[in-house]
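What follows is one structure encoded as structure tokens, with my remarks underneath.
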Amino acid sequence: MNKIYYLSSCDTCHKIIKSLPQNHNLTFHDIKQYPITLEELEEMYRLSGSYEALFSKKAQLYKSMDLKNKALSEADFKKYILEHYTFLSRPVFIIDDKIYIGNSQQNILKVTKLLSNV
């Protein structure tokens with residue numbers, strides 16, 4: 001199943017979702033309304049190979065908790081992502097058992113191209 005993990009209050013996520021091809025077959029998962037489960041995070045980890053890759057260092061909590069000055073381990077990244085939705089880099093797309101993390105232009109172009117071929 002193809003899926004997008006996003007934040008409904010994120011303007012960037014809204015812009016990206018609006019730009020997706022009309023015929024996409026994505027299941028939408030609002031991480032604020034429905035926090036990600038351990039199983040979902042484990043699947044993301046399996047596909048990405050790293051909790052740090054899934055972690056948003058742009059999150060306001062990251063700055064306010066002064067995490068940038070701490071040596072975080074993979075276990076720390078996992079713990080923080082499960083504790084608060086804002087720590088998940090977003091959006092996260094899982095398409096055909098591949099993961100696309102974040103809102104970089106390159107990432108969104110890949111996702112759009114994949115979804116256009118559905």
Side-chain angles (χ1 to χ4, degrees):
M1 170 181 19
N2 295 335
K3 199 169 206 176
I4 176 176
Y5 293 89
Y6 72 103
L7 183 57
S8 59
S9 59
C10 171
D11 289 338
T12 302
C13 288
H14 281 286
K15 288 177 193 167
I16 290 168
I17 289 168
K18 281 185 177 183
S19 74
L20 296 175
Q22 292 297 315
N23 64 338
H24 67 74
N25 63 342
L26 290 172
T27 300
F28 288 79
H29 184 123
D30 179 358
I31 60 174
K32 185 174 184 178
Q33 189 173 2
Y34 303 101
I36 58 171
T37 64
L38 177 60
E39 293 77 21
E40 289 167 329
L41 184 58
E42 291 295 331
E43 179 189 16
M44 291 181 211
Y45 174 78
R46 178 182 65 80
L47 295 170
S48 69
S50 164
Y51 291 110
E52 184 174 7
L54 295 162
F55 188 86
S56 173
K57 293 181 179 175
K58 296 177 185 176
Q60 290 180 357
L61 271 181
Y62 179 74
K63 294 170 184 141
S64 68
M65 293 172 71
D66 198 33
L67 297 178
K68 68 179 179 179
N69 293 317
K70 296 181 178 159
L72 300 177
S73 66
E74 281 287 291
D76 292 327
F77 290 121
K78 177 181 179 180
K79 176 181 78 103
Y80 285 121
I81 292 170
L82 287 171
E83 280 179 4
H84 201 278
Y85 64 86
T86 195
F87 287 120
L88 181 67
S89 187
R90 54 194 184 270
V92 174
F93 291 90
I94 298 177
I95 301 171
D96 298 332
D97 212 30
K98 288 192 173 33
I99 193 165
Y100 304 88
I101 305 163
N103 60 19
S104 73
Q105 186 176 6
Q106 181 183 7
N107 227 17
I108 301 309
L109 286 173
K110 283 180 190 175
V111 166
T112 302
K113 185 175 180 182
L114 282 170
L115 293 175
S116 295
N117 296 330
V118 172

Exercise. Quick one: closest heavy-atom pair of Glu40 and Lys3, and the distance?
Key: OE2-NZ, 3.5 Å
Quiz item: Mind checking what makes side chain to side chain donor-acceptor pair (under 3.5 Å) contact with Glu83, not counting sequence neighbours?
Solution: none
Practice problem: Show your reasoning for whether ring pair (Phe, Tyr, Trp, His ring centres under 6.0 Å) applies to Phe77 and Phe87. | Solution: CA-CA 8 Å; Phe77 290 121; Phe87 287 120; 9.4 Å; no
Mind listing the side-chain donor-acceptor pairs of residues 6-20 below 3.5 Å, one per line with the distance, residues two or more places apart or on another chain?
| unit_1 | atom_1 | unit_2 | atom_2 | d |
| --- | --- | --- | --- | --- |
| Ser8 | OG | Asp30 | OD2 | 2.7 |
| His14 | NE2 | Ser8 | O | 2.4 |
| Ser19 | OG | Ile16 | O | 2.7 |

Quiz item: Hey, mind stepping through Lys57 and Glu52 against side-chain contact (heavy atoms from CB on, under 4.5 Å) and telling me if it holds?
Solution: CA-CA 9 Å; Lys57 293 181 179 175; Glu52 184 174 7; 2.9 Å; yes
Exercise. Treating Ile, Leu, Val, Met, Phe, Trp and Tyr as nodes and any side-chain heavy-atom pair under 4.5 angstrom as an edge, say whether Leu82 and Ile94 lie in one connected cluster.
Key: yes
Quiz item: Taking all non-hydrogen atoms of both residues, which atom of Lys58 and which atom of Lys63 are closest, and how far apart?
Solution: O-NZ, 3.5 Å
Self-check item: Beyond-backbone contact of His84 with Leu61, side-chain heavy atoms, under 4.5 angstrom
Solution: yes
Quiz item: Would you say Tyr100 and Leu114 make side-chain contact, with heavy atoms under 4.5 Å?
Solution: yes
Quiz item: Pick one: which of Thr27, Asn25, Asp97 meets side chain to side chain donor-acceptor pair (under 3.5 Å) with Asn2?
Solution: Asn25
Self-check item: Test side-chain contact (heavy atoms from CB on, under 4.5 Å) applied to Tyr80 and Met65, step by step
Solution: CA-CA 11 Å; Tyr80 285 121; Met65 293 172 71; 3.7 Å; yes
Self-check item: Distance (rounded to the nearest 0.5 Å) between Leu88 CG and Ile36 CD1
Solution: 5.0 Å
Quiz item: Is it the case that one hydrophobic cluster holds both Val92 and Leu38, taking links as side-chain heavy atoms less than 4.5 Å apart, direct or via other members?
Solution: yes
Quiz item: Do the ring planes of Tyr45 and Tyr51 sit parallel (below 30°), tilted (30 to 60°) or perpendicular (above 60°)?
Solution: parallel
Self-check item: Gap between atom CD1 of Ile4 and atom NE2 of His24 - 0.5 Å precision
Solution: 8.0 Å
Self-check item: Inter-residue atom distance Ser50.OG - Met44.CE, 0.5 Å rounding
Solution: 13.5 Å
Quiz prompt | Greater than 12 external heavy atoms within 6.0 Å of Lys79's NZ | solution = yes
Self-check item: Contact check, side chains of Glu42 and Lys78, non-hydrogen atoms, under 4.5 Å
Solution: yes
Exercise. Work out which heavy atom in Ser116 is nearest to a heavy atom in Pro21; give both atom names and the distance.
Key: OG-CG, 3.3 Å
Self-check item: Distance in Å, Leu26 CG paired with Tyr5 OH, rounded so as to fall on 0.5 Å steps
Solution: 11.5 Å
Donor-acceptor contacts, no H, no angles, side chain residues 101-109, under 3.5 Å, sequence neighbours left out:
| unit_1 | atom_1 | unit_2 | atom_2 | d |
| --- | --- | --- | --- | --- |
| Ser104 | OG | Asn107 | N | 3.1 |
| Asn107 | ND2 | Ile101 | O | 2.6 |
| Asn107 | ND2 | Gly102 | O | 3.3 |

Exercise. Search all heavy atoms of Ile81 against all heavy atoms of Phe55 and return the closest pair with its distance.
Key: CG1-CD1, 3.9 Å
Exercise. Check whether Leu41 and Phe93 end up in the same hydrophobic cluster, where Ile, Leu, Val, Met, Phe, Trp and Tyr are linked by side-chain heavy atoms less than 4.5 Å apart.
Key: no
Quiz item: For Tyr34, does the OH atom have more than 12 heavy-atom neighbours from other residues, nucleotides or ligands under 6.0 Å away?
Solution: no
Quiz prompt | Reported CD-to-CG distance for the pair Glu74 and Leu54, which is rounded to 0.5 angstrom | solution = 8.5 Å
Practice problem: Enter the distance from Glu43:CD to Ser48:OG here, rounded to the nearest 0.5 Å. | Solution: 10.5 Å
